[in-house]
Amino acid sequence: MREETDTLIRKITVLDPAGSKVLRDVDVAIKDGKISQIGSGVKLDAVEEIEGEGKIAIPGLVDAHTHVFQIFLRGALSLRELQAHPVWLRVLIPFEAELTKEEARISAELACLNMIMKGVTAFADAGGPHPEILAQVATEAGLRGLVTHSTMDAGPENYRRTVQMNRQLVHKYGEGRVRGCYSIRQIMTSTDSQIDETFRYAREDDAPVHMHLNEEVSEIQQSLSRWGLRPVEYLHNKGYLSSKVIAAHCAFLTAQEIQQLSASGATVVHCPTIAMLYMNFPRIPELLASGANVAIGSDGGSYRPLDLFLEMNVMISGLTGYYGTPYHDFNIITPQTALRIATYNGARIFEDKLGRIEEGYTADIAIIDTRKPHLTPLHDPNLLPLYATGEDTTDLIIDGKIVMRNRQVLTLDQEKILQEAREAQPQILEKIKKIAG
Ligand SMILES: [Zn+2]
């Protein structure tokens, strides 16, 4: 009898952007959650086999900044309403606070289902009203994730969350695929003592801090009048920047702040769609050139369909349009770099041996079917991000377990979730009308 493995993917093309590798017609063996062998004609029996002909395996996509509890705002906010400044304080946070536990559960299930069906294997939620509900749903869904309370001790009374609440979450979810982390919703809604306490606890617990940072002009202005320093400068001076910091947006950085972020090893999460609509063209090419770990985020499902292929395309077109095209330079962000940003770079938030299709790495893999009119022919697989959408994902493997097979999600009840979301729609719309007018 031959040696047995858990899962064997047969004759597939492997795209490993962090290793700058394209392997054609190889077999990928998975054992005990890890990629155990990659090669031609692997001679192993397997409990599960996936036929890879005509398909491309990529490392699982990582949505490094999302808002699971805003998905019910989908289709309700126009671009004009985004101008209700600041939209996060006037609409988004009040909406999150209004969700019942039942609505939060449906929202979490809908977001997890959406992510899995788009090839996303891991996410970092920026913080919402019910992180424990999200932790439970994501665990059942088989996803990898970071969850947190949306910490703030300034601003509206009924949305306040303490650092202690996150400490409990971090201790409760300290191991495993879904973990708790610390957060600062915005420096504008946190006192100095809350910021200090967050970073002290995070250091003691060796846990990440997820925050919105340098995302709008009013934040920079507030920071300058409050501390005489810009937000990143302040965190740098306090010694708070580290590889444990997940800094979303960073749309308004000076050259010095770019250096401070890249030297610290912090992850900067570029959210392309919302950056182009609402913020700015962030200095992503300079961040990459300085060695910063740049990841990608959807910023939640209220603006776009949680599709990181779409976000990669907006990133490539947007940044090329701004930094390249006026100078006849079309090499600002290559599709390979975009895919590395959306996989390996985001995976660094979670663990070292993640985000690559390479022996010894944890098996988080998305399989894309290229036997489609919009993906045929695809002479160079490296150009996949320019043509594919998340919907082209047929199979998804997380921690070595198959969570979607032939577009059938095995861990969540798709029909039931969509039905419950449809039933909740009228009451949700009432809440939105009450808040947004
Ligand atoms: Zn956000």
Side-chain angles (χ1 to χ4, degrees), residues 62-74 76-77 79 81-97 99 104 107-108 111 114-115 120 122-131 134 145-152 155 159 161 166 181-190 198 208-220 231-232 245-253 261 266-280 282 284 294-308 310-311 314-315 341-342 346 349:
V62 181
D63 191 342
H65 179 78
T66 189
H67 292 269
V68 158
F69 296 107
Q70 290 172 14
I71 199 167
F72 269 133
L73 287 167
R74 187 171 269 168
L77 296 178
L79 288 181
E81 278 153 344
L82 276 178
Q83 292 170 357
H85 186 77
V87 68
W88 58 277
L89 201 51
R90 289 184 53 169
V91 179
L92 306 181
I93 292 177
F95 175 73
E96 289 173 10
L99 288 176
S107 184
N114 192 158
M115 286 191 275
V120 173
F123 67 91
D125 189 71
H130 300 290
L134 175 56
L146 277 180
V147 302
T148 182
H149 286 281
S150 178
T151 308
M152 48 197 286
Y159 317 134
R161 299 285 187 280
N166 268 335
C181 75
Y182 289 91
S183 86
I184 293 170
R185 183 74 182 221
Q186 236 302 340
I187 55 165
M188 288 190 279
T189 48
S190 284
T198 298
V209 179
H210 194 156
M211 60 194 302
H212 292 88
L213 192 60
N214 286 44
E215 68 169 326
E216 56 185 63
V217 172
S218 59
E219 174 197 349
I220 311 284
V232 171
V245 171
I246 304 163
H249 305 307
C250 295
F252 300 90
L253 296 175
L261 281 167
T267 294
V268 172
V269 188
H270 176 35
C271 300
T273 296
I274 198 66
M276 301 304 154
L277 291 177
Y278 185 66
M279 293 171 190
N280 192 8
I284 301 298
V294 177
I296 204 165
S298 65
D299 207 15
S302 59
Y303 310 112
R304 286 294 187 272
L306 296 179
D307 190 327
L308 295 185
L310 173 70
E311 296 299 335
V314 174
M315 172 170 69
I341 286 172
I349 295 168

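Model, not experiment: these values are computed from the prediction. As the structure lists them, so they are numbered: ligands from 1, and atoms in each ligand from 1.
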Student: Indicate the ring-plane relationship of His212 and His249, choosing parallel, tilted or perpendicular according to the 30° and 60° boundaries.
Tutor: parallel
Student: When you check the side-chain N and O atoms of Arg161 and Ser150, is any donor under 3.5 Å from an acceptor?
Tutor: no
Student: Can any side-chain N or O of Thr148 pair as donor or acceptor with the backbone N or O of Cys181 at less than 3.5 Å?
Tutor: yes
Student: Which pair of non-hydrogen atoms, one from Leu73 and one from Ser302, has the smallest distance, and what is that distance?
Tutor: CB-CB, 3.7 Å
Student: How would you list, by chain and number, every residue that makes a side-chain hydrogen bond (donor to acceptor under 3.5 Å, both in side chains) with Asp299, sequence neighbours excluded?
Tutor: His65, His67
Student: Which residues and atoms, counting only protein N, O or S, are under 2.8 Å from the Zn ion (ligand 1)?
Tutor: His65 NE2, His67 NE2, His212 NE2, Asp299 OD1
Student: Verify the distance criterion only: is there a donor paired with an acceptor across the side chains of Ser298 and Glu311 at less than 3.5 Å?
Tutor: no
